[in-house]
Amino acid sequence: MAGGEGKAADVIVLGAGIVGVSAAIAARQRGLSVLLVDRREPGSETSYGNAGVLSSGSILPLNKPSLWRAFPDYITNRHAALRWDPAWTMRNIGWVARFLADARPSRTKPRATALHGLIGESLKLHREWIVQAGASQRIRETGWLKLWRSDALEAAKQEQAFLQSYGIESRLLDRQAISALEPDIVPLYKVGLLHTQTASVDSPGAVVNAYARMFAGGGGEIRRSEVKTIAPEKNGWRVTLADGAISARDAVVALGPWSADLLRPLGYRVPLAFERGYHREFKPNPARSLQRPIHDAEGSFLMTPMENGIRITTGVELTDRDAPSCFAQLDAVVPLAKGVVEFGEAVGEPWRGSRPTLPDSLPMIGAAPRHAGLWLAFGNQHIGFTTGPGTGAAIAAMIAGAEPAFDANPFAPSRYIR
Ligand SMILES: Cc1cc2nc3c(=O)[nH]c(=O)nc-3n(C[C@H](O)[C@H](O)[C@H](O)COP(=O)(O)OP(=O)(O)OC[C@H]3O[C@@H](n4cnc5c(N)ncnc54)[C@H](O)[C@@H]3O)c2cc1C
């Protein structure tokens, strides 16, 4: 262990999901001594169960103008894309109001521009790190296919034009072109949009784990322990763990959906909500394969070929992070997915995770407003597996007193906490 007198390290990173692991790698690459703490193996929580899409085109969050068009469907609370718990909604009506307010047209461009910068840097780093980490066999540069069952050509064209205005390439496909790309799926989609610059991986958890091993191989330290509290002390931060205490000059909170809990005792009330989602994996049929993740826009599910089989992921469930699971969305989409490509029986149990989301759907990346040396890196919503590296690298740059590679001002924590 290196660092100042009595310190465990220069920097302690709390949380070893994609965001924390990325911050740890980037801080280590800047020559800092870094201790990465998690109660579980790196990449075991939200960063494990996602759809593995490294998306170049996800610059529009869920709360965009088209949300208003879908509102009549969503309000019924029966749509597979969005379920909401009425009691949670009443308790969090302020969050809901702010989330909806950010769906107005004037908020589209600033947020898309911010996310475009973050995504660009993140994809560059993913493509470098996955090779350096010896995990390049896990990445597929086959794009991501959004598919419509209805004649949604106009919607697809509009999306393509919007992406093009940011230089993001995509290809419009008709039924035949879809079959040419994915010969094993049933030809029930009329329109497709292939995001050509998007990649995917066959096991997001394994990728994060490989990145963590790369960090350790580069002189970083990983400690498996429960983080209990953090408190300022002379020249830095003291972190109380289940099995001891550690100190460092700088502390990074990268606890994903658990981040707000740790900050409350410091007087920060972070408006972090949980867009919960589920996955279930199925044995593939060897004679029927998928070449890339597909997003059934109207069926409201994603289907990704993974190391262990076909992973189906669901839309959003708005409720408490730790409320009991409700499998209604999985139950609704699995039969639809079965009608798209043949697959076998379920492998393992259904998985549940929580996308950590702030009302504007932008993550918090930056300094805590009232505490020197405390850095916040969380709230990466639906695209945290994609945006983890850029988030972590920006935090490491700020700790080192350098400029991040993209404009991080829109992500400043001070937009929500004082
Ligand atoms: C169904 C679903 C599909 C998704 N699909 C995609 C996708 O295709 N592409 C994409 O880019 N994103 C996707 N996402 C979003 C993405 O998974 C998340 O945004 C991202 O994983 C968040 O990473 P994180 O590092 O912030 O959090 P996490 O991965 O949850 O990491 C937080 C870590 O903190 C640790 N921790 C928490 N509390 C403590 C404590 N007290 N002490 C010690 N350790 C603690 C946890 O163990 C965990 O390892 C999806 C999410 C879901 C739910």
Side-chain angles (χ1 to χ4, degrees), residues 17-20 22-23 26 54-67 94-126 162-168 252-257 259-260 263 268-275 355-371 374-418:
I18 184 64
V19 174
S22 299
L54 295 173
S55 175
S56 66
S58 297
I59 57 175
L60 274 182
L62 182 67
N63 52 344
K64 54 182 175 286
S66 62
L67 177 64
W95 185 93
V96 173
R98 285 198 273 182
F99 186 78
L100 291 176
D102 264 317
R104 65 190 188 275
S106 64
R107 290 287 295 140
T108 301
K109 202 152 188 243
R111 292 183 302 151
T113 304
L115 288 174
H116 186 229
L118 171 60
I119 289 172
E121 175 62 7
S122 296
L123 291 181
K124 179 176 143 281
L125 291 173
H126 263 303
F162 183 75
L163 293 175
Q164 188 56 50
S165 71
Y166 284 88
I168 301 166
V252 180
V253 178
L255 296 168
S259 300
L263 294 169
Y268 295 118
R269 296 193 69 80
V270 183
L272 192 67
F274 313 105
E275 295 188 66
R355 306 170 181 95
T357 304
L358 292 152
D360 62 4
S361 292
L362 301 182
M364 267 192 189
I365 309 176
R370 285 183 284 103
H371 293 89
L374 182 61
W375 304 92
L376 310 183
F378 56 81
N380 296 62
Q381 43 105 350
H382 290 238
I383 52 169
F385 182 61
T386 303
T387 55
T391 303
I395 289 288
M398 292 176 196
I399 292 174
E403 281 292 315
F406 57 91
D407 179 11
N409 289 314
F411 307 107
S414 58
R415 71 195 196 279
Y416 287 119
I417 52 176
R418 302 257 162 243

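Along the sequence shown, residues are numbered consecutively beginning with 1.
- Between V252 and V19 the shortest side-chain heavy-atom distance does not fall below 4.5 Å.
- Summarising the geometry of S259 relative to A254, their closest heavy-atom pair is OG-C, 4.2 Å, with the distance given to 0.1 Å.
- No option in P271, S361, P61 other than S361 meets the side chain to side chain contact (heavy atoms under 4.5 Å, CB included) test with F99.
- For the residue pair W95 and L358, the shortest heavy atom distance occurs at NE1-C, 3.9 Å.
- With rounding to the nearest 0.5 Å, the separation of OG in S58 from CG in L115 is 9.0 Å.
- Among all heavy-atom pairs drawn from A377 and T391, the shortest one is CB-CG2, 4.0 Å.
- Scanning both residues, P65 and P105, for their nearest heavy atoms gives CG-CA, 3.8 Å.
- Screening residues 408-418 for salt bridge (Lys or Arg N to Asp or Glu O under 4.0 Å), with sequence neighbours left out, gives D360-R415.
- The backbone N or O of G388 lies less than 3.5 Å from no partner atom in the side chain of N380, so there is not a single donor-acceptor pair.
- To the nearest 0.5 Å, atoms CZ (F411) and CD1 (I395) are separated by 11.5 Å.
- Within the model, atoms CG of L60 and NE2 of H382 stand 12.5 Å from one another, a figure rounded to the nearest 0.5 Å.
- Nearest heavy atoms, E275 versus L62: OE1-CD2, 3.3 Å.
- Going from atom CG of L272 over to atom CD of Q381 covers 11.5 Å, rounded to the nearest 0.5 Å.
- Side-chain contact between Y268 and L376 is absent, with no heavy atoms from C-beta onward closer than 4.5 Å.
- Residue A23 comes nearest to A396 through the heavy atom pair O-CB, 4.3 Å, listed as atom of the first residue, atom of the second, then distance.
- Inter-residue side-chain proximity for P363 and L118 is flagged as met; some heavy-atom pair is nearer than 4.5 Å.
- For the pair R111/P410, no side-chain contact is recorded, criterion being any heavy-atom separation below 4.5 Å from C-beta on.
- With values rounded to the nearest 0.5 angstrom, F385 atom CZ is found 14.5 Å from R355 atom CZ.
- Pairs of residues two or more places apart, or lying in two chains, that qualify as salt bridge (Lys or Arg N to Asp or Glu O under 4.0 Å) and include a residue from residues 94-107 are D102-R107.
- Looking at P257 and F378, their side chains never come closer than 4.5 Å, going by heavy atoms from C-beta outward.
- The salt bridge (Lys or Arg N to Asp or Glu O under 4.0 Å) pairs that include a residue from residues 397-409 number zero, where partners must be two or more places apart or lie in different chains.
- Side-chain contact between T386 and I18: absent, with no pair of heavy atoms (C-beta onward) separated by less than 4.5 Å.
- Distance CD/E121 to CZ/F406: 7.0 Å, rounded to 0.5 Å.
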